[in-house]
Amino acid sequence: MSYQAEYRRSMDNPEAFWKEKAADVSWIQPPTTIWQSTDNGHGQWFTDGIINTSDAALDANIRAGRGEQTALIYDSPVTGNQSAYTFNELTREVAEFAGALKDRGINKGDRVIIYMPMIPQAVVAMLACARLGAIHSVVFGGFAAHELAVRIDDASPKALITASCGIEVQKVIEYKPLVDKAIQEASHKPDFCVIYQRPQVTAALTEGRDIEWNALVEGATPASPVPLAATDPLYILYTSGTTGKPKGVVRDNGGHAVAMRYSMSLVYDAKPGDVFWAASDVGWVVGHSYIVYGPLLAGCTTVLYEGKPVKTPDAGAFWRVVQDHGVNLLFTAPTAFRAVRKEDPEADLMQQYDISTLKRLFLAGERLDPATYDWLREHTNLPVLDHWWQTETGWAICCNPVGLELMATKPGSATFPSPGYNVQVVDFKGSQMPAGEQGQIAVKLPLPPGCMTTVWGDDSRFVKTYLQPIPGFYTSGDGGFMDEDGYLFVMGRTDDVINVAGHRLSTGEMEEVVASHPAIAECCVVGIQDNLKGQVPVGLVLIKDGATIDHDELEEELVDMVREKIGSIACFRRALVVQRLPKTRSGKILRRVIRQIADGEPFNVPSTIDDPAILDELSDQFRS
Ligand code: COA
Ligand code: AMP
């Protein structure tokens with residue numbers, strides 16, 4: 001079917017469309033009610049369907065005769081290990097671990113936090129929770145103890161699963177002290193913690209609370225998949241918003257499974273048996289959707305890579321993985337290839353490997369800059385497909401629908417709306433912008449299956465953040481335009497969220513940390529352009545009258561504070577002392593103008609500005 005025909009069907013009769021797509025997933029009881037809306041235009045998919053996502057992703061493949069096919073390949077250049085699990089083996093491990101959790105009192109609806117590096121046990125833990133109907137919340141291993149504490153308090157988990165350490169190139173990061181600190185800081189205390197001991201570090205256990213993974217699993221009776229309502233939550237994944245408090249994006253079981261299965265065909269044209277590699281981390285939505293759930297639901301082999309695009313050991317790492325495992329489809333963030341290109345501009349290292357199995361490259365997570373796109377096209381000669389999505393949606397809002405037909409690409413564009421998404425570029429009243437003109441990118445309600453159902457524990461925040469700003473629409477927080485051919489160009493966030501090396505971070509959260517320094521009177525953090533990471537945060541700080549502190553010393557202290565509170569992934573490395581901040585007459589900081597000045601871009605002096613002379617002062621400071 002052509003893309004246009006499929007898209008039209010999804011718009012004209014969404015219920016028939018999604019009923020048909022739901023048939024590709026293994027249900028315990030297929031749904032008869034496809035969609036039930038609520039007053040605000042939102043609603044629930046597949047309300048009377050019964051499913052278990054662990055069953056649909058694992059056992060269903062065994063039932064389909066794929067038991068001996070490799071389900072998961074673990075490749076870890078940082079430890080020198082490689083291993084593989086068939087669907088039979090992975091299902092066994094997951095069922096055993098689920099049984100062990102169940103013996104410890106974990107049941108449907110309980111929350112479990114998973115704070116783990118990129119090791120197979122992280123995937124096993126996620127799927128084991130799914131098997132029991134327990135709601136997992138994976139916290140990215142690069143977040144500091146405070147961030148973990150915030151998530152513990154919000155999700156109130158019964159258990160926390162971690163490992164003794166993560167490995168960053170050559171740096172061994174002990175997780176247990178971070179977990180202890182987080183639990184100490186949090187008001188909520190998990191009943192117990194499971195620790196997977198890695199050979200590099202043996203974590204000391206806290207008596208009465210901690211138990212080693214192997215000891216927990218010993219003698220456990222494998223658990224069968226628990227039948228769940230399609231609308232029961234599968235997971236919570238926290239993402240940065242504009243305030244200091246991250247939002248717990250909730251995803252259901254049924255809609256998610258259907259969306260994952262469909263997107264594997266539509267967006268990636270993945271077939272059962274294909275080797276699919278999303279070079280990301282299980283702590284991010286890309287990892288949830290396309291390291292764990294999507295590929296397994298589609299009967300693919302997924303690759304779990306504990307390494308970097310460079311330095312593990314060099315910029316040939318990705319090509320080596322492709323060759324070693326016969327990767328067919330590779331998905332990563334543009335920043336990863338910018339790092340590769342920087343170290344291997346002529347792609348000489350690529351020539352050392354046989355990458356002939358690779359059919360397509362997929363990029364998302366941040367804007368795909370034309371230079372990286374061109375470099376990849378030139379050196380791989382493969383289709384390089386940009387797609388745009390968010391933690392909130394769980395799968396591509398816009399893509400090049402290669403599973404239906406490969407559309408001509410336009411560098412800088414994520415191509416067309418995926419079937420199911422009525423994407424429009426509008427103003428805040430919901431009126432459509434003419435082709436080529438920038439506005440808010442919004443999706444007319446209802447959202448398709450797989451998208452967030454609410455914010456954990458705070459549905460009013462969900463409504464206020466996403467549904468109220470433009471009535472009748474889901475507000476994406478991204479701005480951009482559609483050209484006259486209907487191609488969507490995403491130009492960046494319209495809020496205070498920044499994207500650092502494909503990691504979504506809140507400048508508001510960093511501001512809260514910086515403002516807590518005793519010498520700071522006022523501050524603002526903006527994301528400025530960076531050739532490698534896309535954006536990096538920079539702080540502008542005003543020192544309190546009478547505070548005497550050396551500026552370099554202050555910068556160092558602020559950098560340490562952000563590392564300590566948020567984590568090194570924030571890449572907060574610069575704080576500039578300024579005399580004044582540009583503001584409107586009503587006192588609002590002009591962040592956009594600051595960003596434009598920092599990036600050396602032309603800017604309009606806003607008519608509402610309090611004192612235009614500040615802009616010249618700032619320009620001078622950034623130039624120096
Ligand atoms: N656990 C602990 N610390 C982590 C971490 C993790 N999982 N991931 C990153 N960090 C730390 C790093 O050690 C580094 O710490 P440092 O400041 O003490 O050196 C800091 O966070 C920044 O790391 P990183 O963003 O990896 O920067 P880098 O300069 O070391 O590497 C890239 C640059 C481009 C190679 C790297 O950012 C990268 O691989 N990006 C791809 C990201 C990605 O796949 N995103 C996908 C989301 S879809
Ligand atoms: P996250 O929720 O961490 O996946 O981040 C989502 C945000 O990343 C989006 O709101 C966009 O700002 C940005 N983003 C993701 N994919 C793209 C893309 N293909 N092009 C431009 N921006 C993107």
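Counting convention: from 1, in listed order, for ligands and their atoms alike. The structure presented is a predicted model; accordingly, all values stated were derived computationally and were not measured.
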Engineer: Could you check which of P309, C571, S568 puts a non-hydrogen atom nearest to atom 39 (O) of ligand 1?
Structural biologist: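 Heavy atom nearest to atom 39 (O) of ligand 1 belongs to P309.
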
Engineer: Below 4.0 Å, non-hydrogen atoms only: which portion of A364 touches ligand 1? Side chain, backbone, both or neither.
Structural biologist: neither

Engineer: Just need the protein heavy atom nearest to atom 27 (O) of ligand 1, so name the residue and atom and give the distance.
Structural biologist: K533 NZ, 2.9 Å

Engineer: With F489 as reference, evaluate F416, W388, F481 under the ring pair (Phe, Tyr, Trp, His ring centres under 6.0 Å) test and give the passing residue.
Structural biologist: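 Checked F416, W388, F481 against F489; only one passes ring pair (Phe, Tyr, Trp, His ring centres under 6.0 Å): F481.
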
Engineer: If we only consider heavy atoms of K171, is any one of them less than 4.0 Å away from an atom in ligand 1?
Structural biologist: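 Right, K171 reaches ligand 1.
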
Engineer: Does the pair E512/K245 count as a salt bridge with the N-to-O cut at 4.0 Å?
Structural biologist: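 No salt bridge links E512 with K245.
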
Engineer: Using the ring centroid of each side chain, check whether Y290 and W389 are separated by less than 6.0 Å.
Structural biologist: yes

Engineer: Among all the protein's non-hydrogen atoms, which is closest to atom 37 (O) of ligand 1, and how far away is it?
Structural biologist: A501 CB, 3.4 Å

Engineer: Under 4.0 Å, heavy-atom basis, I'd like to know which part of R563 is in contact with ligand 1: side chain, backbone, both or neither.
Structural biologist: side chain

Engineer: Between the candidates T335, I167, V282, which shows the shortest non-hydrogen contact distance to atom 40 (N) of ligand 1?
Structural biologist: T335

Engineer: Grab the two heavy atoms, one from P77 and one from T312, that are nearest each other, plus how far apart they are.
Structural biologist: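 Scanning both residues completely, I find the closest heavy atoms to be CB-O, 3.6 Å.
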
Engineer: Among all protein heavy atoms in this structure, tell me which lies nearest to atom 2 (C) of ligand 1, with the distance rounded to 0.1 Å.
Structural biologist: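 Nearest neighbour among protein heavy atoms for atom 2 (C) of ligand 1, to 0.1 Å: I173 CD1, 3.3 Å.
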
Engineer: Considering only protein heavy atoms, which is closest to atom 48 (S) of ligand 1, and at what distance to one decimal place?
Structural biologist: V286 CG2, 3.3 Å

Engineer: Which protein non-hydrogen atom lies closest to atom 10 (N) of ligand 1, naming both residue and atom, and how far is it?
Structural biologist: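 Heavy-atom neighbour on the protein nearest atom 10 (N) of ligand 1: E168 OE1, 3.3 Å.
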
Engineer: Would R573 count as being in polar contact with ligand 1, using the rule that some N or O on each side must be under 3.5 angstrom apart?
Structural biologist: yes

Engineer: Does the residue G365 have a heavy-atom contact with ligand 1, meaning some pair of atoms that are separated by less than 4.0 Å?
Structural biologist: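 For ligand 1, residue contact (heavy atoms, under 4.0 Å) with G365 is absent.
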
Engineer: Can you check whether a protein heavy atom sits less than 4.0 angstrom from atom 31 (O) of ligand 1?
Structural biologist: no

Engineer: Around atom 44 (O) of ligand 1, find the nearest protein heavy atom and jot down its residue, atom name and distance.
Structural biologist: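 Atom 44 (O) of ligand 1 sits closest to the protein heavy atom A279 O, 3.4 Å.
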
Engineer: Once you restrict both partners to nitrogen or oxygen, which atoms of ligand 2 have a protein partner under 3.5 Å, and how far apart are they?
Structural biologist:
unit_1   : atom_1 : unit_2 : atom_2 : d
ligand 2 : 2 (O)  : T391   : N      : 2.8
ligand 2 : 2 (O)  : T391   : OG1    : 2.5
ligand 2 : 2 (O)  : R504   : NH1    : 2.7
ligand 2 : 8 (O)  : G365   : O      : 3.3
ligand 2 : 8 (O)  : N499   : ND2    : 3.1
ligand 2 : 10 (O) : Q390   : NE2    : 3.0
ligand 2 : 10 (O) : D478   : OD1    : 3.4
ligand 2 : 10 (O) : D478   : OD2    : 2.5
ligand 2 : 10 (O) : R493   : NH1    : 2.8
ligand 2 : 12 (O) : D478   : OD1    : 2.6
ligand 2 : 12 (O) : D478   : OD2    : 3.4
ligand 2 : 16 (N) : G365   : N      : 3.0
ligand 2 : 19 (N) : D386   : OD1    : 2.8
ligand 2 : 19 (N) : H387   : O      : 2.7
ligand 2 : 20 (N) : E366   : O      : 3.4

Engineer: Between D154 and Y238, do the side chains contain a donor N or O and an acceptor N or O under 3.5 Å apart?
Structural biologist: yes

Engineer: Going by the salt bridge (Lys or Arg N to Asp or Glu O under 4.0 Å) test, name the single residue among D369, D530, D344 that passes it with R338.
Structural biologist: D369

Engineer: Can you find a protein heavy atom closer to atom 12 (C) of ligand 1 than 4.0 Å?
Structural biologist: yes

Engineer: I want to know whether Y268 and F276 have ring centres closer than 6.0 Å.
Structural biologist: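 When the ring centroids of Y268 and F276 are compared, they turn out to be within the sub-6.0 Å range.
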
Engineer: Which heavy atom of the protein is the closest neighbour of atom 1 (N) of ligand 1, given with residue, atom name and distance?
Structural biologist: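 Heavy-atom neighbour on the protein nearest atom 1 (N) of ligand 1: G142 CA, 3.3 Å.
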
Engineer: Would you say K308 has any N or O atom under 3.5 Å from an N or O of ligand 1, going by distance alone?
Structural biologist: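 Between K308 and ligand 1, an N or O pair is found under 3.5 Å apart.
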
Engineer: Nearest to atom 46 (C) of ligand 1, what protein heavy atom do you find, and at what distance?
Structural biologist: S280 OG, 3.6 Å

Engineer: Just grab all the side-chain hydrogen bond (donor to acceptor under 3.5 Å, both in side chains) pairs involving residues 486-498, residues at least two apart or on different chains.
Structural biologist: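 Only Q440-T494, R493-D495 qualify under side-chain hydrogen bond (donor to acceptor under 3.5 Å, both in side chains).
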
Engineer: Could you tell me whether E601 and R595 make a salt bridge, using a distance below 4.0 angstrom between a side-chain N and a carboxylate O?
Structural biologist: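 No, E601 and R595 are not salt-bridged.
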
Engineer: Please verify the inter-ring angle class for F140 with F143; under 30° counts as parallel, over 60° as perpendicular, anything in between as tilted.
Structural biologist: perpendicular

Engineer: Between R320 and Y353, do the side chains contain an N or O donor and an N or O acceptor separated by less than 3.5 Å?
Structural biologist: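 Distance-only check fails for R320 and Y353.
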
